[in-house]
Every structure is written in C-alpha cells, then in structure tokens.
Visitor: 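Sharing a structure below in structure tokens format, with a few things to ask.
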Amino acid sequence: MIGLGTLINVACILAGGAVGLAGGRFLVPRVQDALMKATGLCVLFVGLSGALEQMLAVDGGRLVSGGTAMMVVSFALGSAAGELIDLDARFEQLGAWLRRATGSEGDAGFVNGFVSASLTVSIGAMAIVGSIQDGIAGDWSVLALKGALDAVIVCVMSASLGRGCLFSALPVAVIQGSITLLARPLGPLMTEAALANLSIVGSMLIFCVGVNLIWKGTFKTANMLPAVVVAVAWALAGLG
C-alpha cells in the first residue's frame, strides 16, 4: 500500500507524543526545564553528527572536509529567501491556529512545542528517501524506522514542551505524503550528491533547533528551510 510509511510515521509520532505528554504531567516545572535542555543537547548533537558524517572523510590517512562552500551558499541564499517569505511567522501562525482550534489557549508553550518538534522530525534525508521509496516501490521500511526514532524524540519533547509537539504529525503527513505522491518525477532528482547535500543542510537545521531549545530565539530555523532546495539545486548543477 503506497503511503503506508507516512501513516506509520504519523502514528508513531502521535503515540510517542501521547506517552510523553502523560508522563510530563507528573514532572514539576524545574524538572521539565532540565528535560527540555537535555533534549536540546541531544538534538544539537544529532544534527551536528549528521552534518559531520557527510562533510568529513579520511583521505591518505588525513581527515579532510568538504561541502563547506555548498553549505555557506545554501544557507545564505536560503535564509534570504526564507526571510522574504517569513516562513517562521507562517509556522507560528499555524501553531497559533492549532492552539485555538484545539482549545489550548492556556498552554503558553504550545506554539514553541509545535514549531520545535515539527522542524526536528520533518527535516532530513530519511524523510525524502523513505517517501520516494514508498511512492515508487511501496517500500515503507525506511519511514517505519524513522517513525520509531521520531516517537522517541517527540515523547521526550512532549514531556517538556507540552501537547503542541503532538501536532508535528501534521507537517510530517503533508510533506512526506506529498513527496510520496510525487515520487516518480522526484526520484531522478535525488542523486547521491543531492542526498548528501540535503543531509548536510538538513542536519545543520536540526542543529539549529537544538540550539533554540537551549537558548530560545537564537535562530529562525523555519526561515532557513529554503537552504534545502538550494543544496539540491547545487548538486544538480554539478557544482559538487
């Protein structure tokens, strides 16, 4: 069944979020704050390790790096485009609407939880590759694995940031579902170089989410999202 991978991923997020939300009710604010910072630290290193894994290589017994120029250009152009569109404000508006629609006006951290969790679980090569495999071959194994990882992440984030994290399932459903439906035309564009660039930039965006969990408001991560498009275009143009 095509699209099953995204359904599994969404179900895992909701299940993990529900468990985290139930457990978080028994935590005093001081413990919730400590848990949020611990989560931020883990997300930070997940992003950092993902980027370094693609950028660093051993050549002749020496450690060399690559992709620096691509990363700088992608984030410069992508951030400029994102600021013009103001994607960050769009994400917050969606979060505010969800807060009203779900009767969560009293939850001050709803929007922050929604935005932080959404950016953490929606960005990355696994989402792209898994959705394309699901759309072309009906292979949902990658998205099922991603769902298991997302369940743990959203569980911990929900315990500290609240119920807004559960609604990160919405952008995951829209983004991965759309890629699954467009898998055949998108497949040829996802070359090895394009996926490597996407992994670097996506991991750096996750790093930014981790920083924001520890030091609030440091980055407008949503406004950097167009950097992913620039990174793929860089590879398709044969620039490396």
Side-chain angles (χ1 to χ4, degrees), residues 6 9-10 13-14 17 21 32-33 36-37 39-40 43-44 46-47 51 71-125 127-128 131 150 153-154 156-158 160-179 182 197-198 200-234:
T6 295
N9 199 162
V10 168
I13 290 173
L14 293 175
L21 189 61
Q32 288 182 344
D33 182 66
M36 181 177 66
K37 287 183 170 61
T39 303
V43 172
L44 190 152
V46 167
M71 185 172 62
V72 171
V73 173
S74 295
F75 273 98
L77 296 180
S79 296
E83 285 291 339
L84 291 173
I85 304 171
D86 203 358
L87 291 173
D88 190 77
R90 303 291 183 269
F91 260 93
E92 291 191 355
Q93 287 169 2
L94 176 57
W97 178 82
L98 286 170
R99 182 172 61 184
R100 292 193 301 271
T102 57
S104 304
E105 287 89 345
D107 186 351
F110 186 98
V111 175
N112 181 44
F114 167 72
V115 174
S116 298
S118 296
L119 292 174
T120 302
V121 300
S122 299
I123 304 169
I128 306 296
S131 298
D150 289 348
I153 293 171
V154 175
V156 177
M157 295 183 78
S158 295
S160 58
L161 298 177
R163 65 188 299 188
C165 297
L166 276 75
F167 293 90
S168 60
L170 179 61
V172 167
V174 172
I175 294 171
Q176 292 181 186
S178 299
I179 294 173
L182 299 172
N197 288 359
L198 188 151
I200 292 173
V201 172
S203 295
M204 289 303 298
L205 289 170
I206 292 174
F207 174 88
C208 292
V209 173
V211 171
N212 281 347
L213 289 174
I214 301 174
W215 299 285
K216 295 179 181 179
T218 303
F219 296 109
K220 290 185 176 181
T221 309
N223 283 353
M224 299 178 182
L225 285 174
V228 173
V229 178
V230 179
V232 172
W234 179 282

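For the numbers below, each heavy atom of this structure counts, side chains included, while hydrogens, waters and symmetry mates do not.
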Visitor: Asn197 versus Val232: any side-chain heavy-atom pair under 4.5 Å?
Guide: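 No. Closest side-chain heavy atoms not under 4.5 Å.
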Visitor: So which heavy atom on Arg163 is nearest to which on Leu21, and how close?
Guide: N-CD1, 3.6 Å
Visitor: Grab the two heavy atoms, one from Met36 and one from Lys216, that are nearest each other, plus how far apart they are.
Guide: CE-CE, 3.9 Å
Visitor: Just how far is it from atom CG of Asp150 to atom OG of Ser122, taken to the nearest 0.5 Å?
Guide: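 Here the interatomic distance stands at 8.0 Å.
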Visitor: Do Pro226 and Leu87 have side chains that approach each other closer than 4.5 Å (heavy atoms only, starting at C-beta)?
Guide: yes
Visitor: With side chains defined as the heavy atoms from C-beta onward, is the minimum distance between Glu92 and Lys220 less than 4.5 Å?
Guide: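 No, too far: nothing below the 4.5 Å cut-off.
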Visitor: Do the non-hydrogen side-chain atoms of Leu119 and Leu225 ever get within less than 4.5 Å of each other?
Guide: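 With C-beta onward as the side chain, the pair touches.
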Visitor: If I compare all heavy atoms of Ser118 with all of Ser168, which pair ends up nearest, and what's the gap?
Guide: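 Residues Ser118 and Ser168, closest heavy atoms: OG-CA, 3.4 Å.
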Visitor: Looking only at heavy atoms, what is the nearest atom pair of Ser116 and Val209, with distance?
Guide: O-CG1, 3.6 Å
Visitor: Looking at every heavy atom in both Phe75 and Val201, which two are closest together, and how far apart are they?
Guide: CZ-O, 3.9 Å
Visitor: Does Asp88 use its side chain to pair, donor to acceptor, with the backbone of Asn223 at less than 3.5 Å?
Guide: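 No; zero donor-acceptor contacts below 3.5 Å.
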Visitor: Could you measure the distance from the SG atom of Cys208 to the CE atom of Met224? Nearest 0.5 Å is fine.
Guide: 4.5 Å
Visitor: Roughly how far apart are Ile13 CD1 and Ser158 OG, rounded to 0.5 Å?
Guide: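 Answer for the CD1-OG pair, Ile13 versus Ser158, is 10.0 Å.
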Visitor: Starting at CG of Leu198, measure out to OG of Ser203 and round the result to the nearest 0.5 Å.
Guide: 9.0 Å
Visitor: Could you tell me which non-hydrogen atom of Ile206 sits nearest to which non-hydrogen atom of Val43, and how far apart they are?
Guide: O-CG1, 3.4 Å
Visitor: Check whether any side-chain N or O of Asn212 sits under 3.5 Å from a backbone N or O of Thr218 as a donor-acceptor pair, and report yes or no.
Guide: yes
Visitor: Going by an N to O cut-off under 4.0 Å, is there a salt bridge joining Asp33 and Lys37?
Guide: yes
Visitor: Do Val10 and Gln176 have side-chain heavy atoms sitting under 4.5 Å apart?
Guide: no
Visitor: Given Phe167, which of Phe114, Trp97, Phe110 fulfils the ring pair (Phe, Tyr, Trp, His ring centres under 6.0 Å) condition?
Guide: Phe110
Visitor: I need the Leu205 CG to Ile123 CD1 distance, nearest 0.5 Å.
Guide: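 If I round to the nearest 0.5 Å, the distance is 4.5 Å.
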Visitor: Please round to the nearest 0.5 Å and tell me the distance separating atom OG of Ser160 and atom CG of Leu213.
Guide: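 Rounded to the nearest 0.5 Å, the OG-CG separation comes out at 7.5 Å.
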Visitor: Taking the side chain as everything from C-beta on, heavy atoms only, tell me whether Leu98 gets closer than 4.5 Å to Leu170.
Guide: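 Yes, side chains in contact.
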